[in-house]
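Step one of this worksheet: look at the structure below.
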Amino acid sequence: MGKAAERRVLDAVPDGLLIGGAWGPANGHREFAVEDPATREQLRTVADATEADVLEALDAAAGVQAEWAATAPRDRAEILRSTFEAMTKRADDLALLMTLEHGKPVAESKAEVTYAAEFFRWFSEEAARISGTYATSPAGNLRLLTIKQPVGPCLLITPWNFPLAMGTRKIGPAIAAGCTMVMKPAKQTPLSMLMLGQILQDAGLPNGVLNIVTAHDPAVVSEPLLRDPRLRKLSFTGSTGVGSKLIELSAGQVLRTSMELGGNAPFLVFADADVEKAVEGAMIAKMRNMGQACTSANRFLVHSSVAGEFTERLVEKLAALVAGRGTEDGVTLGPLIDQAAVDKVDGLVSDAVDKGAKLLLGGKAGDGPGYFYEPTVLTDIPDEARLLAAETFGPVAAIRSFDEDEQAIAEANDTEFGLVAYAFTADLSRALRVAEGLESGMVGINVGLVSNPAAPFGGVKQSGLGREGGAVGIEEYLETKYVALPG
Ligand code: NAD
């Protein structure tokens with residue numbers, strides 16, 4: 001892919017904030033820069049919203065809420081369907097843009113564009129299925145109706161690690177349900193979301209339904225909106241620390257909240273597992289997004305009878321990855337998102353090694369001007385190593401071994417997180433026992449990837465509240481109203 005294609009997709013990103021259907025500069029023409037994490041070069045600038053801009057965005061969302069809620073579900077469905085088709089048609093450009101701002105190899109960006117677009121196809125199908133119930137009260141004296149109505153204006157906040165999919169997982173059901181929105185993408189990767197905003201406008205989304213504000217300081221967006229009584233919901237994807245702060249702020253207006261937070265996924269390999277399949281699953285669960293996924297395998301717990309073979313094969317596969325700018329052919333490992341990410345990963349690896357872990361591969365920042373980190377494998381990790389408790393968010397495989405199933409399940413659950421867990425075994429009853437025993441919102445059995453728009457994605461414990469996707473995903477944007485009638 002040449003520089004001309006890069007320039008073309010960067011120039012196609014609309015300038016400014018999307019408020020009430022129009023793109024315009026931030027107050028005072030404030031801007032901030034977006035950089036390519038593979039080269040540290042500036043890609044372009046985007047608007048840096050002020051509090052006044054943010055309130056204008058909520059004015060726009062609140063102003064059209066009633067009219068939008070009254071549209072025919074089929075009309076909302078058609079907008080989602082057309083957007084799915086437009087994203088599919090423009091997948092190459094969207095993928096290139098995503099790789100430029102995020103760093104992941106283009107093949108991974110393309111997979112994300114497909115995944116992101118699929119949320120619009122899924123929720124286009126759900127929009128027309130919103131229904132209620134009718135019942136007779138037990139005493140027979142009342143008729144009990146329930147109807148579903150949109151929650152109202154929502155604030156959507158997304159992280160940088162999946163610049164499109166984390167947004168479409170919220171925008172899709174919000175449109176399907178009839179909610180209006182103010183969306184704030186992460187400052188590191190706003191370009192994909194700005195491009196998506198234009199695609200949605202082109203697909204016929206009425207002005208004001210989706211407003212996009214980019215800001216360098218996220219509190220400029222969240223604080224005024226979470227205080228404003230017109231806002232009815234916050235849907236957040238990001239770290240547990242920020243999420244819990246936002247839950248506190250949301251308490252002021254008793255807002256509905258959906259929280260997709262951090263993870264610390266255990267990846268269990270039992271004695272009877274197909275080791276080759278487990279290694280393939282591990283490569284996906286660990287290395288997708290360079291290890292920067294909430295679903296990333298953070299701790300490998302491997303039965304001692306297969307630990308040697310599993311570790312050897314994993315080291316071979318990780319050593320064969322080709323690091324570089326994600327736009328280049330043959331590159332299979334992009335950079336991390338920024339210097340803070342490299343420092344965090346390096347700090348966790350050094351801490352483990354200092355405390356006695358064995359380093360089999362990598363263990364330091366990679367070459368080049370970008371934020372690269374070498375694929376790393378650690379074994380013999382002591383209980384006190386910080387990377388067992390923290391979300392590593394990097395290409396680091398931390399391997400421990402176990403002898404008894406119960407020991408593995410107890411260790412897997414020994415975390416405040418509970419997003420996803422993986423288990424590899426050939427025994428169906430063991431698989432069911434383990435799936436039931438793991439404290440997580442999702443479990444992958446003999447697979448390294450669970451994400452699917454048709455499935456309920458979400459966590460337990462400090463990994464979050466609510467589910468995105470699946471048949472329940474739209475419920476996060478609907479209120480149930482009960483209507484009583486004499487029988
Ligand atoms: P982050 O919490 O730093 O930021 C997420 C978003 O919140 C960004 O848009 C950021 O600008 C905004 N934000 C940060 N501080 C804020 C504040 N004080 N007020 C309002 N908004 C604020 O997380 P990140 O580094 O962008 O993303 C990585 C984290 O996201 C990881 O913990 C990862 O596990 C999690 N994540 C979870 C899921 C999931 O579905 N559970 C999916 C992807 C990422």
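Counting starts at 1 for both ligands and their atoms, following the listed order.
Counting atoms of ligand 1 from 1 in the listed order, those under 4.0 Å from a heavy atom of Ala186 are 9 (O). Applying the 4.0 Å criterion to heavy atoms of Lys184 picks out, from ligand 1, the atoms 9 (O), 10 (C), 11 (O). Numbered from 1 in the order shown, with element, the atoms of ligand 1 that lie under 4.0 Å from a heavy atom of Asn161 read 43 (C), 44 (C). Ligand 1 places these atoms under 4.0 Å from at least one heavy atom of Val242: 2 (O), 13 (N), 14 (C), 15 (N), 16 (C), 17 (C), 22 (C). Near Arg169, the atoms of ligand 1 lying under 4.0 angstrom from a non-hydrogen atom of the residue are 39 (C), 40 (O). Interface of Phe393 with ligand 1, defined as ligand atoms under 4.0 Å from a residue heavy atom, comprises 28 (C), 31 (C), 33 (C), 34 (O). Close approach of ligand 1 to Leu419 (heavy-atom distance below 4.0 Å) involves ligand atoms 41 (N). Close contacts of ligand 1 with Phe457, meaning ligand atoms under 4.0 Å from a residue heavy atom, involve 39 (C), 40 (O).
The side chain of Leu246, and not its backbone, has at least one atom closer than 4.0 Å to an atom of ligand 1 (non-hydrogen atoms only; side chain from C-beta on). With a heavy-atom cut-off of 4.0 Å, Glu391 touches ligand 1 through its side chain alone. Heavy atoms of Phe162 found under 4.0 angstrom from ligand 1: none, in either backbone or side chain. Contacts between Met166 and ligand 1 below 4.0 angstrom, taking non-hydrogen atoms only, involve the side chain exclusively.
Residue contacts with ligand 1 do not include Glu223, since none of its heavy atoms lies under 4.0 Å from the ligand. Residue contacts with ligand 1 do not include Lys245, since none of its heavy atoms lies under 4.0 Å from the ligand. Heavy atoms of Trp160 come nearer than 4.0 angstrom to ligand 1 in at least one pair.
Among protein heavy atoms, atom 12 (C) of ligand 1 sits closest to Ile157 CG2, 3.7 Å. Of the protein's non-hydrogen atoms, the one nearest atom 41 (N) of ligand 1 is Leu261 O, 2.8 Å. Thr158 O, 3.3 Å is the protein heavy atom nearest to atom 8 (C) of ligand 1. Of the protein's non-hydrogen atoms, the one nearest atom 27 (O) of ligand 1 is Pro159 CB, 3.3 Å. For atom 21 (N) of ligand 1, the nearest non-hydrogen atom of the protein is Pro218 CB, 3.4 Å. The protein atom (non-hydrogen) at minimum distance from atom 7 (O) of ligand 1 is Phe236 CE1, 3.1 Å. Closest to atom 35 (C) of ligand 1 among all protein heavy atoms lies Gly238 O, 3.2 Å.
Here the closest non-hydrogen pair linking Arg325 and Val331 is O-CG2, 3.5 Å. Nearest heavy atoms, Leu155 versus Ser222: CD2-CA, 4.1 Å. Leu301 and Phe402 get closest at one heavy-atom pair: O-CE2, 3.3 Å.
Rounding to the nearest 0.5 Å gives a distance of 2.5 Å between OG1 of Thr237 and NZ of Lys170.
A cation-pi arrangement, defined by a distance under 6.0 Å to the six-membered ring centre and an angle within 45 degrees of its axis, is present between Arg169 and Phe457. A cation-pi arrangement is absent between Lys187 and Phe32 under the rule of less than 6.0 angstrom and at most 45 degrees off the ring axis.
For the pair Arg44 (side chain) and Leu10 (backbone), a donor-acceptor distance under 3.5 Å is present. A distance-only check finds no donor-acceptor pair linking the side chain of Asp228 to the backbone of Leu58 [under 3.5 Å]. Distance alone, capped at 3.5 Å, places no donor-acceptor pair between the Gln198 side chain and the Met195 backbone. A donor-acceptor pair is defined here as one N or O able to donate and one able to accept, closer than 3.5 Å; no such pair exists between the side chain of Ser440 and the backbone of Val420. The backbone N or O of Ala410 sits nowhere less than 3.5 Å from a side-chain atom of Asn413 that would complete a donor-acceptor pair.
When only interatomic distances are considered, the shortest N/O to N/O separation between Thr240 and ligand 1 does not fall below 3.5 Å.
The number of heavy atoms from other shown groups lying within 6.0 Å of CG (Asp354) is above 12.
Taking the six-membered ring for Trp and thresholds of 30 and 60 degrees, Phe267 and Phe310 have ring planes inclined between 30 and 60 degrees apart.
For Phe393 and Trp160, the ring centers sit closer than 6.0 Å to each other.
One option in Ala219, Ser239, Ala215 has a heavy atom closer to atom 2 (O) of ligand 1 than any other, and that option is Ser239. Of the listed options Gly241, Cys294, Ser222, Ala341, Cys294 places a heavy atom closest to atom 42 (C) of ligand 1.
Side-chain contact check for Val209 versus Pro206: some heavy-atom pair is nearer than 4.5 Å.
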